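Step one of this worksheet: look at the structure below.
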Amino acid sequence: MQTDFLYKDCTLATMEQGANNYGLIENAAFVVSAGRILWRGKMNELPAEYTKLESESLEGRLVTPALIDCHTHLVFGGNRAQEFEQRLKGASYSEISKAGGGIVSTVNATRNASDEELLNGALKRLDALISEGVGVVEIKSGYGLSIEHELRMLRVARKLATLRPVKILTTWLAAHALPPEYAGKNANRFDDYIDDVVIPGLRQAASENLVDAVDGFCENIAFSCVQIERVFAEASALGLPIKLHAEQLSDQKGALLAAKYNGLSADHLEYLAEDDVPTFAKSGAVAVMLPGAFYTLNESKQPPIESFRLHAVDMAVATDCNPGSSPISSILTAMNMACTQFSMTPEEALAGSTRCAAKALGLQNEYGEVKVGAHAELAVWDAAHPAELSYWIGASLLQKRISHQEPS
Ligand code: NIG
Ligand code: FE
């Protein structure tokens, strides 16, 4: 039987909605009961009924909610180091993609990899995230591009949750690129691919409980808004929430489409027009910032951060871990990049990988804040102030995670 437990002597960054200055509580303590926060506050305000509980001193360390990586492509075969070399010699991401490389080269490698190879590759990246205090990870399909291989990716993602104490949410991203068998010399068969693979595969994934949300890549080198809308209509019919890779390389009005379908989030958004921010804000969707992709592709157009602030759009920060545009399995590095490249504050970056990331996954109230009733998924840091989490690069800051998640 699980008993209540008291953690004391810490600095809590609660990251609670509406609180100032990281929701910081110094000389803090908290009580965990059945895996949830029962009480948190100043040590000298600890109710008498909790003083006798079994306890542990955290020796003055900083405690935050466990971090959340709300946008990853963690499961894939091979890597694209050679494209990295090509880009350094001047080829652009779009040019490589149009020449048949890019996402499609990872599709070939993923189809050729065994389940075990996919699992072991993803485990390495997952362990890297966990070692930085991550407790929740979203993982997309999108490198299989056939029903068989897309479902295989999702099964591997689900399997990861049985091997590590981490919550994993899966996303159907079959509308990521056109597989070679649908690319024609004269005409690409996008609609046939959606009819044959994206929609029936999604139905099957839903029926096997393999999918938690639906995503697409809305871009001039990928799918149009009209094509993505067909996928979103099916997601809505199945009762699944949507999110979208939008406005990464050009303004396609994808964020407005995500807003129209009450999306959880729109992700990337470098090319989102300032004029569209108010409509996007009204939908309540989260803007997921992916500075790792911006950095890796050497982009220069920043997302409209100031406009997001002005219209109170929640901004999340994620790694976008993938072999092409963002070979990064460090959420702390993504937070640092959000500050240095997008001028986000360290507080916004931490909110971006906790409270706002939880919202981008539909997990608000349950994860991402240290508050009464939330899951007691926490990270204990060898740091005195939460700005340090965005400041250090490559440091081993995590002392330990406090987790009540069992591998499922
Ligand atoms: O989020 N933009 C589309 N999808 C990924 C890149 C995938 C890849 O290049 O393999 C992204 O950046
Ligand atoms: Fe992505």
Side-chain angles (χ1 to χ4, degrees), residues 69-84 86-87 91-111 113 118 121-122 125 137-145 149-150 153 157 169-179 213-224 228 242-250 252 254-255 258 263-272 286-299 301 303 316-329 331 334 337 357 360-361:
D69 195 349
C70 68
H71 180 139
T72 85
H73 309 248
L74 223 58
V75 177
F76 57 82
N79 71 67
R80 308 229 293 273
Q82 283 167 356
E83 274 179 25
F84 177 56
Q86 281 176 268
R87 280 202 310 274
S92 76
Y93 183 74
S94 299
E95 282 161 2
I96 292 169
S97 162
K98 282 181 195 145
I103 293 174
V104 167
S105 72
T106 299
V107 171
N108 293 329
T110 302
R111 288 177 176 180
L118 290 180
R125 296 180 277 275
V137 182
E138 183 258 15
I139 301 178
K140 301 172 195 298
S141 70
Y143 292 123
L145 308 191
H149 289 288
E150 286 288 297
M153 288 187 70
L169 281 89
T170 55
T171 301
W172 180 254
L173 179 59
H176 193 198
L178 198 66
V214 176
D215 195 349
F217 185 19
C218 186
E219 193 50 70
N220 53 23
I221 56 166
F223 295 83
S224 69
I228 294 288
I242 64 96
K243 42 181 57 244
L244 190 62
H245 286 71
E247 275 72 83
Q248 180 185 10
L249 308 168
S250 63
Q252 302 283 319
L264 290 173
S265 69
D267 305 35
H268 288 288
L269 299 178
E270 282 86 343
Y271 284 82
L272 177 64
V286 176
V288 179
M289 301 292 98
L290 303 170
F294 178 91
Y295 168 85
T296 301
L297 300 183
N298 221 352
E299 295 288 338
K301 182 154 174 26
V317 174
T319 61
D320 194 14
C321 178
N322 76 70
S325 66
S326 191
I328 297 172
S329 41
I331 188 82
M337 288 177 172
L361 298 177

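All of these numbers come straight from a predicted model, not from anything done at the bench. For ligands, and for the atoms within them, numbers begin at 1 and follow the listed sequence. In what follows, every heavy atom counts, from backbone to side chain, and hydrogens, waters and symmetry copies are set aside.
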For [X], the ligand 1 atoms whose distance to one of its heavy atoms is below 4.0 Å:
| X | result |
| --- | --- |
| Asn322 | 5 (C), 6 (C), 7 (C), 8 (C), 9 (O), 10 (O), 11 (C), 12 (O) |
| Tyr93 | 6 (C), 7 (C), 8 (C), 9 (O) |
| Tyr143 | 7 (C), 8 (C), 10 (O) |
| Arg80 | 8 (C), 9 (O), 10 (O) |
| Gly324 | 9 (O), 10 (O) |
| Phe217 | 2 (N), 3 (C) |
| His71 | 1 (O) |

Got a sec: is His268 within less than 2.8 Å of the Fe ion (ligand 2) via an N/O/S atom?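 Under 2.8 Å: His268 has no N, O or S contact with the Fe ion (ligand 2).
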
Measuring from atom 5 (C) of ligand 1, which candidate in His176, Glu83, Gln248 has the nearest non-hydrogen atom? His176

Indicate yes or no for a side-chain donor-acceptor contact from [X] to the backbone of [Y] under 3.5 Å, with no hydrogens or angles considered.
| X | Y | value |
| --- | --- | --- |
| Glu83 | Gly102 | yes |
| Thr319 | Ile331 | no |
| Glu150 | Gly142 | yes |
| Ser141 | Leu173 | yes |
| Glu299 | Ala293 | no |

Quick one: nearest non-hydrogen protein atom to atom 12 (O) of ligand 1, plus distance? Ser325 OG, 2.5 Å

Give me the nearest non-hydrogen protein atom to atom 11 (C) of ligand 1 as residue plus atom name, then the distance to 0.1 Å.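 Closest protein heavy atom to atom 11 (C) of ligand 1: Asp320 OD2, 3.2 Å.
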
Taking the Fe ion (ligand 2) as the reference point, name the nearest N/O/S atom of Asp320. OD1

Nearest 0.5 Å, what's the NE2-OG1 distance between His71 and Thr171?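 So the gap between those two atoms works out to 9.0 Å.
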
In this structure, NZ of Lys301 is separated from OG of Ser250 (nearest 0.5 Å) by 11.5 Å

Ligand 1 to Thr106 polar contact by distance, N or O atoms, under 3.5 Å: no

salt_bridge(Glu138, Lys140) N-O dist < 4.0 Å: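 Here Glu138 pairs with Lys140 in a salt bridge, since their nearest N and O are under 4.0 Å apart.
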
Contact with ligand 1 for Phe76, non-hydrogen, under 4.0 angstrom: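 No, Phe76 has no heavy atom closer than 4.0 Å to ligand 1.
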
Any idea how His245 and His73 line up, ring-wise: parallel (<30°), tilted (30 to 60°), or perpendicular (>60°)? tilted

